[in-house]
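Within every chain, numbering begins at 1; the chains are lettered A, B, ... in the order of the sequence lines, protein sequences first and strands thereafter. Since we're looking at a predicted model, the values are computed, not measured.
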There are 2 protein chains.
Amino acid sequence: MNVETITRPSLHVELLDRLRSLIVEGELPPGTKIPERSLCERYGVSRTPMREALKVLAVDGLVYLEPNRGAWVSKVTVEELEQVFPVMGALEGLSGELACERITDEEIAEIRKIHEAMVKHYKGRDLVRYFETNQAIHEAILAAADNQELSTMYRSLAARVRRARYMANMTDERWEQAVREHEDILEALEARQGLKLAKILREHLKSKFKTVRDWLEVQEPDSLN
Amino acid sequence: MNVETITRPSLHVELLDRLRSLIVEGELPPGTKIPERSLCERYGVSRTPMREALKVLAVDGLVYLEPNRGAWVSKVTVEELEQVFPVMGALEGLSGELACERITDEEIAEIRKIHEAMVKHYKGRDLVRYFETNQAIHEAILAAADNQELSTMYRSLAARVRRARYMANMTDERWEQAVREHEDILEALEARQGLKLAKILREHLKSKFKTVRDWLEVQEPDSLN
DNA sequence: ATATTTAATTTTGAATTCATAATTACGTCA
DNA sequence: TGACGTAATTATGAATTCAAAATTAAATAT
């Protein structure tokens with residue numbers, strides 16, 4: 001009897017991952033037209049699995065489909081993020097609460113380490129590494145919450161937010177504030193104060209939204225769609 | 001110039017809606033194998049759009065895909081709902097909070113009406129209509145919250161929960177408690193006490209989960225997948 | 001030159017086809 | 001009878017094909 005069955009993922013799943021990165025990492029910027037044929041050639045697949053992947057990404061909110069007209073990388077608008085951020089706040093708050101209930105001392109120590117690294121990158125003004133470690137902290141809290149449904153939903157929203165390259169817009173003042181908030185996050189986590197952590201995380205997201213909004217209002221003066 | 005352009009939705013969207021109903025309404029019960037061919041014949045479409053729809057439903061969590069083996073209506077497990085309910089709680093709590101900020105007196109009056117109807121169905125022990133009006137209240141609060149992202153996510157989870165036909169399992173005691181909780185919901189809403197409403201809604205979901213869990217533990221003694 | 005039709009081209013939507021994996025049916029042998 | 005192996009059948013994954021819609025290019029008129 002075979003226990004260790006090998007299940008090669010189907011093409012559309014593979015494409016899903018790759019397209020998602022392309023979009024989230026900004027290689028395909030918001031508003032870009034996605035012509036099926038050229039993307040298919042790029043990955044050497046036929047249109048069938050490509051179209052399947054695009055349909056999933058459309059439900060995910062990363063792609064915008066117009067019947068008979070094709071697919072675009074969906075834009076990141078202030079109006080959209082105004083709605084996304086409160087939802088993310090609720091989810092990340094829950095993430096903090098659940099994490100405090102379940103997290104082990106070892107996991108906390110691990111997060112503390114990432115936190116210290118993040119502070120180091122802040123002091124060295126290394127924006128890219130700061131962003132990476134920052135994200136790693138939120139991911140670690142999410143992991144500690146140990147809720148797959150929560151993770152999936154949170155990541156889906158986080159991906160959409162990440163496309164706004166707002167980091168470049170962070171003033172020194174806001175950056176400092178973000179780090180301060182992260183100190184509070186660690187503190188609440190180490191004390192396992194779930195409700196407090198939830199509240200801090202929600203507040204943290206609110207100030208993040210301010211940064212993103214300012215950035216978007218510069219980038220996207222008007223424009224429809 | 002044509003302003004009123006007609007955009008016929010593509011087949012896969014049409015199928016998406018129909019399949020979703022089939023699954024949520026229980027016509028295709030959890031665990032059912034979904035043979036592509038027969039479903040295609042049922043709707044008179046080819047496999048291409050059907051497969052596109054199935055892939056989307058799989059991301060939604062209503063369908064389970066196994067590579068090279070096909071699609072099944074995903075099962076409703078206690079383990080899954082244990083994760084879904086807290087997330088729903090966070091979302092519905094936010095829904096209550098936002099609703100309290102935005103809701104008009106007229107909208108409140110409308111919800112009060114549905115509430116009265118619900119109480120009437122409770123007294124008449126009309127389970128089906130009770131369930132309908134109950135759901136309508138939560139939908140109305142969600143609508144008042146006026147957040148599309150929130151609505152989408154909430155509905156996706158609610159659909160998965162609805163598939164557990166737990167209502168049949170409601171004891172008189174629990175039913176009474178649910179109605180009592182709904183009285184509190186109305187009260188907090190009319191007083192526009194957002195945080196309180198959020199808390200009540202979360203609690204409300206917790207007791208709902210108890211009912212669902214009891215039902216599932218009878219229905220699904222063990223079983224994998 | 002600009003606007004407006006009309007034709008050609010391209011792109012998309014969906015059915016069909018083909019290859020491959022999985023399942024079922026059958027036959028053999030202990 | 002039942003376990004095992006092999007062939008036949010069926011179902012799925014993905015490429016291809018075909019029809020229809022949209023876009024672009026060309027032609028005509030103003």
Side-chain angles (χ1 to χ4, degrees), chain A residues 1-20 22-23 28 31-60 62-75 224-225, chain B residues 1-20 22-23 28-29 31-75 224-225:
Chain A
M1 221 304 216
N2 187 2
V3 178
E4 202 175 342
T5 46
I6 297 169
T7 48
R8 196 164 35 83
S10 24
L11 269 186
H12 89 275
V13 175
E14 193 75 29
L15 286 171
L16 214 40
D17 292 344
R18 295 186 187 234
L19 293 184
R20 216 190 293 275
L22 281 189
I23 294 173
L28 291 178
T32 312
K33 178 76 210 284
I34 308 178
E36 289 176 5
R37 200 173 40 79
S38 63
L39 256 196
C40 288
E41 280 166 11
R42 173 167 185 170
Y43 291 116
V45 300
S46 78
R47 285 172 57 218
T48 307
M50 180 62 73
R51 288 168 58 81
E52 289 169 350
L54 288 175
K55 256 117 206 172
V56 171
L57 289 173
V59 171
D60 233 45
L62 290 178
V63 160
Y64 173 70
L65 293 179
E66 208 166 338
N68 293 318
R69 305 222 22 236
W72 285 261
V73 178
S74 63
K75 293 195 172 173
L224 292 168
N225 176 2
Chain B
M1 219 305 222
N2 188 4
V3 177
E4 202 175 343
T5 46
I6 297 170
T7 47
R8 196 164 36 81
S10 24
L11 269 187
H12 90 274
V13 175
E14 192 77 29
L15 286 170
L16 212 42
D17 290 345
R18 294 184 188 237
L19 293 184
R20 215 190 293 274
L22 281 189
I23 294 173
L28 291 178
T32 313
K33 177 78 211 279
I34 307 179
E36 288 175 5
R37 200 172 42 76
S38 64
L39 256 196
C40 288
E41 282 166 9
R42 173 167 183 169
Y43 291 115
V45 300
S46 78
R47 285 172 56 218
T48 306
M50 178 63 73
R51 287 168 59 82
E52 290 169 350
L54 287 174
K55 257 116 204 172
V56 171
L57 288 173
V59 172
D60 232 46
L62 290 178
V63 159
Y64 174 70
L65 294 178
E66 209 166 336
N68 292 318
R69 306 229 13 242
W72 284 261
V73 177
S74 64
K75 293 194 175 176
L224 291 168
N225 177 1

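To the nearest angstrom, P of C/dT12 lies 10 Å from CD1 of A/Ile34. Taking atom CD of A/Glu52 as the reference point, atom P of C/dT12 lies 16 Å away to the nearest angstrom. Taking atom CD of residue B/Glu66 and atom P of nucleotide D/dG13, one finds them 10 Å apart after rounding to whole Å. Across the protein-nucleic acid pair, B/His12 atom NE2 and C/dT12 atom P stand 15 Å apart, rounded to whole Å. Rounded to whole Å, the distance from CE on A/Met50 to C1' on C/dT12 is 14 Å. Atom-to-atom, CH2 of B/Trp72 to P of D/dA11 comes out at 13 Å; the value is rounded to the nearest Å. What separates CZ of A/Arg51 from C1' of D/dT16 is a distance of 14 Å, to the nearest Å. If you take CG of A/Leu16 and P of D/dA14, they are 13 Å apart, rounded to a whole angstrom.
Considering only heavy atoms from C-beta on, B/His12 comes within 4.5 Å of B/Ser10 through its side chain. Side-chain contact between B/Arg51 and B/Glu36 is present, with heavy atoms from C-beta onward closer than 4.5 Å. Taking the side chain as every heavy atom from C-beta outward, A/Leu22 and A/Arg18 never approach each other to under 4.5 Å. No side-chain heavy atom of B/Leu11 sits under 4.5 Å from any side-chain heavy atom of B/Met50.
To the nearest 0.5 Å, atoms NZ (A/Lys75) and OG1 (A/Thr32) are separated by 9.5 Å. In this structure, the separation between CZ on B/Arg37 and OG on B/Ser46 is 14.0 Å, given to the nearest 0.5 Å.
For B/Asn68, the listed nucleotide lying nearest its side chain is D/dG13; candidates were D/dG13, D/dA22, C/dA15. Between C/dT11, D/dG13, C/dA15, one nucleotide has an atom nearer to the side chain of B/Lys55 than all others, and that is D/dG13. Distances from the side chain of A/Glu36 to the nucleotides C/dG13, D/dG13, C/dA14 place C/dG13 closest.
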Side chain to side chain contact (heavy atoms under 4.5 Å, CB included) between B/Tyr64 and B/Ile34, intermediate numbers included: CA-CA 10 Å; B/Tyr64 174 70; B/Ile34 307 179; over 6 Å; no
- request: Could you give me the CA-CA distance, side-chain angles and deciding distance for A/Glu52 and A/Val56, then say whether side chain to side chain contact (heavy atoms under 4.5 Å, CB included) is met?
  value: CA-CA 7 Å; A/Glu52 289 169 350; A/Val56 171; 6.0 Å; no
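For A/Arg69 and A/Leu11, each mapped to the nucleotide of DNA chain D holding its nearest heavy atom, the one lying further toward the 5' end belongs to A/Leu11.
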message: Please encode protein proximity along nucleotides 5-10 of chain D as a string of B, S and -, counting only heavy-atom distances under 4.0 Å.
response: ------
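Annotation for A/Glu14 and A/Pro9: closest pair OE1-CG, 3.9 Å, computed over non-hydrogen atoms.
A donor-acceptor contact shorter than 3.5 Å links the side chain of B/Ser74 to the backbone of B/Leu62.
The base of D/dG13 sits with one of its N or O atoms less than 3.5 Å from a complementary donor or acceptor on the side chain of B/Arg47. With hydrogens and angles ignored, no donor-acceptor pair closer than 3.5 Å exists between the side chain of A/Ser46 and the base of D/dA14.
Recorded end-axis angle for the helix from C/dA1-D/dT30 to C/dA30-D/dT1 stands at 0°, based on five pairs per end and rounded to 10 degrees.
Distances shorter than 4.0 Å separate none of the side-chain N or O atoms of A/Lys33 from OP1 or OP2 on C/dT10.
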